[in-house]
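There's a structure below that I have some questions on.
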Amino acid sequence: MKTNNIEGLTMFEINVLVQQGGKFVIFPNTISKLYKKFKLSNIYFIRPNENTFKYALKHFFLNLSLSCRSIPYGPIYVLKSIYYLFKGGKDYTQDILNELKNNNPLYRPDLQHLNQS
C-alpha cells in the first residue's frame, strides 16, 4: 500500500510528528462488481492539527458511487464509510510505525548543507 503525505520525511521527523499528534489513518473503500467485492484503501499520514475531512470525503463519494450496486451489502459499506468519515478514519499509527521501524529506512543528511554553517 502507498502511504500518502510522508514524502521527504525521515523516520525521526515522523516520530516527532506522531508525538505531537500526527497519525496514520485508513479510509476503507469497497468496490463491488456483481458478486465480487474488492476492498481497497490508502494510508494517509495526518499531521498534527490537520483535518481529515478532505481525505474522507473523497472515499465517501467513491463508496457511495461504486458499492451501492451490490445488494444487500452495498448500503452497509456506505454506512461504514459515513462512520469513518465522522470518526476521522481507522487509526493504524502503531502498525505503520512498527513496519517502518522494521524496514529501517536510512537517514542520509545532506552533508554539504551541514558543512556550510
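Residue numbers count from 1 along this sequence. Note that the coordinates shown come from a computational prediction; the quantities given were computed from them, not determined experimentally.
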TODO: Using side chain to side chain contact (heavy atoms under 4.5 Å, CB included) as the criterion, list what pairs up with Gln20, not counting sequence neighbours.
DONE: Val16, Leu17, Pro48

- [ ] Scan for salt bridge (charged side-chain N to carboxylate O under 4.0 Å, His left out) pairs involving residues 41-54, sequence neighbours excluded, and state none if there are none.
- [x] Glu50-Lys54

Open item on the list: Ile6 vs Phe24, test: side-chain contact (heavy atoms from CB on, under 4.5 Å). Steps then yes/no.
Closed with: CA-CA 10 Å; Ile6 62 166; Phe24 289 94; 3.9 Å; yes

Open item on the list: Distance check, rounded to the nearest 0.5 Å: Thr3 atom OG1 versus Leu9 atom CG?
Closed with: 11.5 Å

Open item on the list: Can you tell me if Asn49 has over 12 outside heavy atoms packed within less than 6.0 Å of its CG?
Closed with: no

TODO: With sequence neighbours excluded, tell me which residues meet side-chain hydrogen bond (donor to acceptor under 3.5 Å, both in side chains) with Asn4.
DONE: Lys2

Open item on the list: So, taking the atom named CD1 in Ile43 and the one named CG in Asn5, what distance separates them when rounded to the nearest 0.5 Å?
Closed with: 11.5 Å

Open item on the list: Run the side-chain contact (heavy atoms from CB on, under 4.5 Å) test on Ile26 and Asn42 for me, step by step, so that the C-alpha distance in whole Å, both residues' side-chain angles and the decisive distance to 0.1 Å come before the verdict.
Closed with: CA-CA 6 Å; Ile26 293 178; Asn42 290 327; over 6 Å; no

- [ ] Scan residues 81-94 for pairs that pass salt bridge (charged side-chain N to carboxylate O under 4.0 Å, His left out), counting only residues two or more places apart or in two chains.
- [x] none

Task: Heavy-atom side-chain contact between Ile14 and Leu97 under 4.5 Å - done: yes

Task: Non-neighbouring partners of Lys58 that pass side-chain hydrogen bond (donor to acceptor under 3.5 Å, both in side chains), sequence neighbours left out - done: Tyr44

Task: Minimal non-hydrogen separation, Ala56 against Phe27, with atom names - done: CB-CE2, 3.4 Å

Open item on the list: List the residues meeting side-chain hydrogen bond (donor to acceptor under 3.5 Å, both in side chains) with Asp95, not counting sequence neighbours, and say none if there are none.
Closed with: none

Open item on the list: Membership question, hydrophobic clusters at under 4.5 Å side-chain separation (ILVMFWY): are Phe12 and Leu100 in the same one?
Closed with: no

Open item on the list: Is the shortest side-chain heavy-atom distance between Phe45 and Val25 below 4.5 Å?
Closed with: no

